[in-house]
Amino acid sequence: MSAAREWLKQARSVAVLTGAGVSAESGVPTFRGAGGLWKRQRAENLATPEAFARDPKLVWEWYDWRRTVLAGLKPNPGHYALAELEKRTPNFTLITQNVDGLHELAGSRNVLRVHGSIWMLRCLTCGSEQQDRRASLPEIPPRCTCGGLLRPGVVWFGEALPTAVWRAAEAAARSCDLLLVIGTSAVVYPAAGLAHLAKSSGARVVEINVAETPLSREIDEFLLGPSGELLPQLISPERARRNAAAARFDGTRMPRRPVRS
Ligand code: APR
């Protein structure tokens, strides 16, 4: 942790790549690992253009369920720490594979959503896009005002990433001094390749995860633990210490008056 803190202090340009793990402590299910969404469902039945063409209602039922789960959730201390890091770092890019919108809710501004957003809907007929934060949607599958079928504004397996967003993500990985890789299994490409790109361009790479990934042994420092705890410790150690102390002593205050039995 101390080396990573020092690199963060020295870095003039910081990029961050996040995955589902950064939202896990908010209650968002991850995709892989115990309890992951892809343990219960097959990705090819729900997250491919072919699945949507075959059964848009089934695919939308799944996305509508996820939207309903997400609607009740809040950012966690990891999201807030990254938003704070952005405020004090002149050259900062947050690249996320997450479609949940929790980084933005925590106050992050410069967010590159390489896998889109679950809150965007796109018409297959007229191509228009609209933000819709309703959970659950009144009509499944939803329809555009033009009558066309709307799809979730996410990137499915087998689809290209949004070109401009991806170019900006590559540029950030190529030019940063430090890349933080947080809560991703680092198995889904091209996003996982950003860590290699940053490393080969001369950046230090620090990973935070509750388990080792294929990247862990190739990078400069691997920090084992939940990002909701480690990110505040890395980014604002003083505040993290104060909060930990407050949490320890909270609830043990003396009652105002002696309690009579
Ligand atoms: N803190 C840090 N890491 C965590 C935490 C936590 N509290 N909880 C879980 N993790 C880690 C897991 O160990 C795992 O390595 O988060 C990672 C989550 O991995 P995935 O579920 O594979 O999520 P992600 O890497 O974002 O998946 C990439 O796959 O299905 C697609 O499009 C989907 O964007 C997603 C992509």
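We count residues from 1, following the sequence as given. Order of listing sets the numbers, starting from 1, for every ligand and every atom in it. Computed from heavy atoms alone, side chains included, the values below leave out hydrogens, waters and symmetry copies.
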Peer 1: Among all protein heavy atoms, pick out the one at the shortest distance from atom 23 (O) of ligand 1; state its residue, atom name and that distance to 0.1 Å.
Peer 2: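 Answer, as residue, atom name and distance: Ala20 CB, 3.5 Å.
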Peer 1: For ligand 1, which atoms sit closer than 4.0 Å to a heavy atom of Pro226?
Peer 2: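 Numbered from 1, ligand 1 contributes 1 (N), 6 (C), 7 (N).
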Peer 1: Should one rank Gln97, Arg32, His115, Glu25 by closest heavy-atom distance to atom 27 (O) of ligand 1, which comes out on top?
Peer 2: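 Minimum heavy-atom distance to atom 27 (O) of ligand 1 goes to Arg32.
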Peer 1: Please work out which of the three classes, parallel, tilted or perpendicular, describes the rings of His196 and Tyr189, given edges at 30° and 60°.
Peer 2: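 The rings of Tyr189 and His196 lie parallel, inter-plane angle below 30°.
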Peer 1: For atom 14 (C) of ligand 1, which of the options Leu17, Val210, Asn209 provides the nearest non-hydrogen atom?
Peer 2: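 The option holding the nearest heavy atom is Asn209.
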Peer 1: Taking distance alone, with N or O pairs closer than 3.5 Å, would you say Ala186 contacts ligand 1?
Peer 2: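 It does not: no N or O of Ala186 is found under 3.5 Å from an N or O of ligand 1.
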Peer 1: Can you tell me how far the CG atom of Leu121 sits from the SG atom of Cys144, to the nearest 0.5 Å?
Peer 2: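 Rounded to the nearest 0.5 Å, the CG-SG separation comes to 9.5 Å.
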Peer 1: Just to be sure I read this right, does ligand 1 sit under 4.0 Å from the backbone of Val188, its side chain, both, or neither, counting only heavy atoms?
Peer 2: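 The answer is the side chain of Val188.
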Peer 1: Going by heavy-atom distance to atom 18 (C) of ligand 1, choose the closest among Gly183, Ala211, Gly19.
Peer 2: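 Of the listed residues, Gly183 has the closest heavy atom.
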Peer 1: Under 4.0 Å from a heavy atom of Phe157: which atoms of ligand 1 are those, numbered in the order shown and with their elements?
Peer 2: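 Those of ligand 1 that fall under 4.0 Å from Phe157 are 30 (O), 31 (C).
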Peer 1: Taking Glu104's backbone N and O only, do any of them form a donor-acceptor pair with Ser108's side chain (distance below 3.5 Å, no angle check)?
Peer 2: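 No; zero donor-acceptor contacts below 3.5 Å.
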Peer 1: Cation-pi check for Trp62 against Arg66: NZ or CZ below 6.0 Å from the six-membered ring centre and within 45 degrees of the axis, yes or no?
Peer 2: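 Geometry flag: set, cation within 6.0 Å and 45°.
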Peer 1: Could you check atom 35 (C) of ligand 1 against the protein and tell me its nearest heavy-atom contact, residue, atom and distance included?
Peer 2: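 Checking every protein heavy atom, the shortest distance to atom 35 (C) of ligand 1 gives Phe31 CE1, 3.7 Å.
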Peer 1: Would the distance check show the side chain of Asp177 and the main-chain N or O of Arg12 forming a donor-acceptor pair, the cut-off being under 3.5 Å?
Peer 2: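 Answer holds: yes.
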Peer 1: Please write down residue, atom name and distance for the protein heavy atom closest to atom 25 (O) of ligand 1.
Peer 2: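 Atom 25 (O) of ligand 1 sits closest to the protein heavy atom Thr184 OG1, 2.6 Å.
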Peer 1: Indicate yes or no for a side-chain donor-acceptor contact from Thr93 to the backbone of Ala172 under 3.5 Å, with no hydrogens or angles considered.
Peer 2: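 Flag not set: sc Thr93 to bb Ala172 has no pair under 3.5 Å.
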Peer 1: Got a donor-acceptor contact below 3.5 angstrom from the Trp119 side chain to the Asp100 backbone?
Peer 2: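 A pair under 3.5 Å: yes.
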Peer 1: Report the nearest protein non-hydrogen atom to atom 30 (O) of ligand 1: residue, atom name, distance rounded to 0.1 Å.
Peer 2: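 Among all protein heavy atoms, the one nearest atom 30 (O) of ligand 1 is Trp38 NE1, 2.8 Å.
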Peer 1: How far is atom 19 (O) of ligand 1 from its nearest protein heavy atom, and which residue and atom name does that atom have?
Peer 2: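 I find the closest protein heavy atom is Ser185 N, 3.3 Å.
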Peer 1: So if I count the atoms of ligand 1 from 1 in the order they appear, which ones are less than 4.0 Å from some heavy atom of Ala24?
Peer 2: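 That gives atoms 8 (N) of ligand 1.
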Peer 1: Among all protein non-hydrogen atoms, which one is nearest to atom 5 (C) of ligand 1, and what is the separation to 0.1 Å?
Peer 2: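 For atom 5 (C) of ligand 1, the nearest protein heavy atom is Gly21 O, 3.5 Å.
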Peer 1: With Trp166 as reference, evaluate Ile95, Val155, Leu112, Leu161 under the side chain to side chain contact (heavy atoms under 4.5 Å, CB included) test and give the passing residue.
Peer 2: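 Only one option passes, and that is Leu161.
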Peer 1: Has Arg122 got a side-chain atom pairing as donor or acceptor with Ser128's backbone, closer than 3.5 angstrom?
Peer 2: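 Not at all, since once roles are kept as given, no pair shorter than 3.5 Å links the two residues.
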Peer 1: Which residue supplies the protein heavy atom nearest to atom 1 (N) of ligand 1, what is that atom called, and how far is it?
Peer 2: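 Scanning the protein heavy atoms, the shortest distance from atom 1 (N) of ligand 1 goes to Ser227 N, 3.0 Å.
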Peer 1: Does Met1 offer a backbone N or O that forms a donor-acceptor pair with the side chain of Glu221 under 3.5 Å?
Peer 2: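 Present.
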